[in-house]
Amino acid sequence: MTDDVKPGSIGRGEPLKGAHLTVTSKSFTEQLILGAIMGIAFEAAGAEVIDRTGIQGSIGSREAVRKGDADAGYEYTGTAWITYLGNSKPIPDPREQWEAVRKDDARNGVTWLQPAELNNTYALAMNQENAKKYGTKTLSDVAKLAKSDPGAASLCVEVEFANRADGLPGMQRAYGMNVPARDITQMDTGIIYTQAAKGSCTYGEVYTTDGRINSMNLAVMDDDKKFFPNYNAAPMINTKTLKEWPAIAGVLDPVTARLDNAVARKLNAKVDVDGEDPHQVARDWMVEEGFVEEA
């Protein structure tokens, strides 16, 4: 990363001067923004930063941090608990979920710093026309619709969601939902929003922090049985790196504390709706918040 930034409210005294840190992320918009935010924070604190954001899928960025090929990235507590640590049931309390992840992942050489309020969990959403037509407001309602009128409850989902235990298979089991395979279409994330907005599929799998929910005026179904885990974003740091550079925590904690769903939807919309560059969106926000200053 080559951002010409200097310390603002974070990074004073450049406590990471001399550090060479590699930042990673997954490839979707929010992750690209969070990866850039982290890298810019490290730069302001004096580190040289290598940008390895944009890795496809969840496992790649996670393994990079675990193995030490990367030093840090923002990850989600629910993803770690279910997908990486192999648990089948989420912990309902967000703080307890984070604490359990932090405790269990320590043995893997990964340290979790303080979590954000930002909770990017899954949901199903539909356009307003279909919301009026079918009257569904909860996932239990969707399950009832799938039973009474199977063809009506068509779904557009990502490939990963279609195969994750904390995704479609688990959701269908939890709600007794039986959507025929012929009515489930797998597609890329961005296309799902436009297809749901057009009504090409009745329900689209969405992320609750996605700016396109508001811009496309989609109606989000309530997870009334609380099936989906809490997916609070938190920095996931290679433990050896953190021992060498303990100041990382002090640099990132104030930034993470400012991240909530409203901030995420605003920043995500700048990319997905307005077409701005994720890195520039991250940099602008860091400057606006006073975390860093233009050098």
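- The line from CG of Leu139 to CG of Leu145 is 12.0 Å long, rounded to the nearest 0.5 Å.
- Between Glu129 and Lys198, none of the side-chain N atoms (NZ, or NE/NH1/NH2) sits under 4.0 Å from a carboxylate O, so this pair counts as no salt bridge.
- Heavy atoms only, all atoms of each residue included: Ser58 and Arg164 are closest at OG-NH1, 3.6 Å.
- Atom CG of Leu21 and atom CE of Met38 lie 10.0 Å apart (nearest 0.5 Å).
- Formation of a donor-acceptor pair under 3.5 Å by the Ser25 side chain with backbone atoms of Gly54 is found in this model.
- Linking ILVMFWY residues whenever their side-chain heavy atoms come closer than 4.5 Å, directly or via other members, places Met177 and Val206 in the same cluster.
- Closest approach of Pro94 and Asn232 over heavy atoms only: CB-OD1, 3.6 Å.
- Side-chain contact between Leu118 and Tyr76 is present, with heavy atoms from C-beta onward closer than 4.5 Å.
- Looking at Leu252 and Pro235, their side chains come closer than 4.5 Å, going by heavy atoms from C-beta outward.
- Around atom CD of Gln56, no more than 12 heavy atoms belonging to other residues, nucleotides or ligands sit under 6.0 Å away.
- Neither side chain, Glu63 nor Tyr84, offers a donor N or O lying under 3.5 Å from an acceptor on the other.
- Both Val292 and Leu34 sit in one connected hydrophobic cluster of ILVMFWY residues. Membership requires side-chain heavy atoms under 4.5 Å apart, directly or through other members.
- Within the 4.5 Å cutoff, no side-chain heavy atoms of Thr22 are placed close to those of Val49.
- With no hydrogens or angles considered, no side-chain donor-acceptor pair links Asn268 and Thr29 at under 3.5 Å.
- With values rounded to the nearest 0.5 angstrom, Asp222 atom CG is found 11.5 Å from Thr136 atom OG1.
- Proximity of the aromatic rings of Tyr122 and Tyr231 is defined here by a centroid distance below 6.0 angstrom, and this criterion is met.
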Exercise for the section: Take Glu43 and Lys6 through the salt bridge (Lys or Arg N to Asp or Glu O under 4.0 Å) test and state the conclusion after the steps. Expected result: CA-CA 8 Å; Glu43 286 178 300; Lys6 62 183 182 181; over 6 Å; no
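- No more than 12 heavy atoms of other residues, nucleotides or ligands lie within 6.0 Å of NZ in Lys147, so this atom counts as exposed by the packing criterion.
- Inter-residue side-chain proximity for Met126 and Leu218 is flagged as unmet; no heavy-atom pair is nearer than 4.5 Å.
- A donor-acceptor pair shorter than 3.5 Å can be found between the side chains of Thr111 and Thr239.
- Taking hydrophobic clusters as Ile, Leu, Val, Met, Phe, Trp and Tyr residues chained together by side-chain heavy-atom distances below 4.5 Å, Val251 shares a cluster with Val255.
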Practice task
Given side chain to side chain contact (heavy atoms under 4.5 Å, CB included), test Asp141 with Met221 step by step and report yes or no.
Solution key: CA-CA 9 Å; Asp141 293 339; Met221 302 298 103; 5.9 Å; no
Practice task
Verify side chain to side chain donor-acceptor pair (under 3.5 Å) between Asp224 and Ser140, making sure each step is shown before the conclusion.
Solution key: CA-CA 7 Å; Asp224 52 307; Ser140 290; 2.5 Å; yes
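- With Asp277 contributing its side chain and Gln280 its backbone, the two residues share a donor-acceptor pair below 3.5 Å.
- Between Met236 and Tyr74, the closest side-chain pair of non-hydrogen atoms is not below 4.5 Å.
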Practice task
Go through the steps to decide whether Glu99 and Lys103 satisfy the test salt bridge (Lys or Arg N to Asp or Glu O under 4.0 Å), and finish with yes or no.
Solution key: CA-CA 6 Å; Glu99 287 173 349; Lys103 180 181 177 182; over 6 Å; no
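- For the pair Arg258 (side chain) and Pro254 (backbone), a donor-acceptor distance under 3.5 Å is absent.
- The pair Lys26-Glu75 meets the salt-bridge criterion, since a charged nitrogen lies less than 4.0 angstrom from a carboxylate oxygen.
- Put simply, the side chain of Glu294 does not reach to within 4.5 Å of the side chain of Asp4, judged on heavy atoms.
- Side-chain N or O atoms of Asp210 include one that pairs as donor or acceptor with a backbone N or O of Arg212 at under 3.5 Å.
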Exercise for the section: Go through the steps to decide whether Asp223 and Tyr175 satisfy the test side chain to side chain donor-acceptor pair (under 3.5 Å), and finish with yes or no. Expected result: CA-CA 10 Å; Asp223 178 15; Tyr175 282 93; 2.5 Å; yes
Exercise for the section: For side chain to side chain contact (heavy atoms under 4.5 Å, CB included), just list the numbers for Tyr207 and Thr189, CA-CA rounded to whole Å, side-chain angles, deciding distance to a tenth of an Å, and then say yes or no. Expected result: CA-CA 9 Å; Tyr207 295 111; Thr189 309; 3.9 Å; yes
Exercise for the section: Before giving the answer on side chain to side chain contact (heavy atoms under 4.5 Å, CB included), spell out for Asp253 and Ile10 the whole-Å C-alpha distance, their side-chain angles and the decisive distance to 0.1 Å. Expected result: CA-CA 9 Å; Asp253 282 350; Ile10 63 167; over 6 Å; no
Handout entry: Verdict with supporting geometry, Lys67 and Asp69, salt bridge (Lys or Arg N to Asp or Glu O under 4.0 Å)
Key = CA-CA 6 Å; Lys67 292 178 179 178; Asp69 296 329; 5.6 Å; no
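- Of the inter-residue distances, the one linking Ile191 atom CD1 with Gln186 atom CD reads 12.5 Å to the nearest 0.5 angstrom.
- In this model, no donor atom of one side chain and acceptor atom of the other lie less than 3.5 Å apart for His279 and Asp51.
- A 6.0 Å sphere centred on CD of Glu117 holds no more than 12 heavy atoms belonging to other residues, nucleotides or ligands.
- Annotation: side chain of Ile91 is not in contact with side chain of Trp98 (no heavy-atom distance under 4.5 Å).
- If you check the side chains of Ser200 and Gln195, you find a donor sitting under 3.5 Å from an acceptor.
- Salt-bridge check for Arg95 with Asp93: failed, with every basic side-chain N at 4.0 Å or more from each acidic carboxylate O.
- Contact detail for Thr185 and Met187: the closest heavy-atom pair is CG2-CE, 3.5 Å.
- Using a 3.5 Å distance cut-off with no hydrogens or angles, the side chains of Gln114 and Thr256 do not pair a donor with an acceptor.
- Both Val263 and Met286 are assigned to one and the same hydrophobic cluster, defined by single-linkage of ILVMFWY side chains at heavy-atom distances under 4.5 Å.
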Practice task
Given side chain to side chain contact (heavy atoms under 4.5 Å, CB included), test Leu168 with Glu158 step by step and report yes or no.
Solution key: CA-CA 10 Å; Leu168 182 60; Glu158 295 170 298; over 6 Å; no
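- Put simply, the side chain of Thr53 does not reach to within 4.5 Å of the side chain of Thr24, judged on heavy atoms.
- Of all non-hydrogen atoms in Met1 and Ala36, the two that sit nearest each other are CE-CA, 4.0 Å.
- The CD atom of Glu205 sits 11.5 Å away from atom CD1 of Ile184, with the distance rounded to the nearest 0.5 Å.
- Residues Asp105 and Arg62 are paired through a salt bridge, judged by an N-O separation under 4.0 Å between the basic side chain and the carboxylate.
- Between Arg265 atom CZ and Glu30 atom CD the span is 10.5 Å, to the nearest 0.5 Å.
- Smallest separation of non-hydrogen atoms from Gly39 and Val23: CA-CG2, 4.0 Å.
- Residues Tyr203 and Val220 share a single hydrophobic cluster, defined by chaining ILVMFWY side chains whose heavy atoms lie under 4.5 Å apart.
- The backbone N or O of Ala70 sits nowhere less than 3.5 Å from a side-chain atom of Asn238 that would complete a donor-acceptor pair.
- Within a 6.0 Å radius of CG in Asp188, other residues, nucleotides and ligands contribute 12 heavy atoms or fewer.
- Here the shortest heavy-atom pairing between Ala131 and Ala219 reads CB-CB, 4.1 Å.
- For Ser154 and Asp183, the side-chain atoms include no donor-acceptor pair closer than 3.5 Å.
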